[in-house]
Amino acid sequence: MNIFRLAGDMTHLASVLVLLLKIHTIKSCAGISLKTQELFAIVFLTRYLDLFTNFISIYNTIMKLIFLGSSFSIVWYIRRHRVVRRSYDKDQDTFRHFFLMWPCLILAIFINEKFTLKEVMWTFSIYLEAIAILPQLVMLQRTRNIDNLTGQYIFLLGAYRAFYILNWIYRYFTEEHYVHWITWVAGVIQTLLYGDFFYYYFQSWKNNVKLELPA
Amino acid sequence: PKGSRSHDEL
């Protein structure tokens with residue numbers, strides 16, 4: 001465990017807590033894409049299949065349980081909660097996210113580190129996580145209004161993967177045989193997808209104006 | 001063993 005990895009996990013944790021806090025306190029999911037949240041729930045489900053079989057550390061297990069629990073409760077809130085679901089704007093959340101899953105699954109079957117069910121599922125979760133934010137970014141472009149909690153959520157989500165890239169660089173230079181091309185390429189693509197959002201987020205922060213994405 | 005550390009990240 002290095003500082004970049006810890007910072008990444010804490011930023012990731014902060015992002016899901018910001019989202020849960022927003023939905024739980026103001027009982028609204030305006031501007032939040034349910035599809036992205038469903039994809040994240042699938043990412044954790046397929047990535048943590050070895051939750052009970054492959055014990056890494058207490059920290060690892062607890063974090064996995066938190067991410068699984070928070071992602072499923074966010075999906076539940078938006079789909080089932082009698083108040084929150086009324087603020088879900090399904091006409092704006094139109095990204096065909098299940099179409100995204102197939103290329104990830106096919107790619108995971110052909111490009112993986114080991115052709116076993118668990119490994120293919122894990123690789124699928126890596127590819128899926130890289131593009132899971134797309135429905136949310138498309139929805140933001142459409143609705144144009146980004147309340148600051150949603151903006152913070154996306155910013156933290158992007159920052160977590162950026163910290164992971166620093167973690168991979170650090171581990172590459174400090175641990176021999178640490179090479180995970182699949183994770184690295186997917187992680188860089190994922191972080192780049194946040195690229196333009198980061199740009200507009202910093203612009204709005206610097207000029208102290210409300211965050212606006214171009215049409 | 002290598003296996004158990006293969007996916008030690010979240």
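Note that the coordinates shown come from a computational prediction; the quantities given were computed from them, not determined experimentally. So that the names make sense, note that chain A is the first sequence line, chain B the second, and so on, each numbered from 1.
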Contacting region of A:N60 [heavy-atom separation from chain B under 4.5 Å]: both
For chain B, which residues of residues 20-39 of chain A have at least one non-hydrogen atom nearer than 4.5 Å to it? none
A:Y178 atom OH, neighbour heavy-atom count above 12 within 6.0 Å: yes
Contact winner vs chain B - A:R5, A:M63, A:M1, heavy-atom pairs under 4.5 Å: A:R5
In terms of heavy-atom contacts, does OH of A:Y170 have more than 12 from other residues, nucleotides or ligands at under 6.0 Å? no
Would you tell me whether A:H180 and B:E9 have side-chain atoms, one donor and one acceptor, within less than 3.5 Å of each other? no
Spatial distance of atom CG (B:L10) from atom NE2 (A:H12) [nearest 0.5 Å]: 8.5 Å
Should we count OH of A:Y172 as having more than 12 external heavy atoms under 6.0 Å? no
Heavy-atom contact with chain B under 4.5 Å, split by part of A:F44: neither
Within a strict 4.5 Å, meaning less than it, do heavy atoms of the A:R47 and B:H7 side chains meet? no
Heavy-atom count around A:W76 CH2 within 6.0 Å, excluding the residue itself: above 12? yes
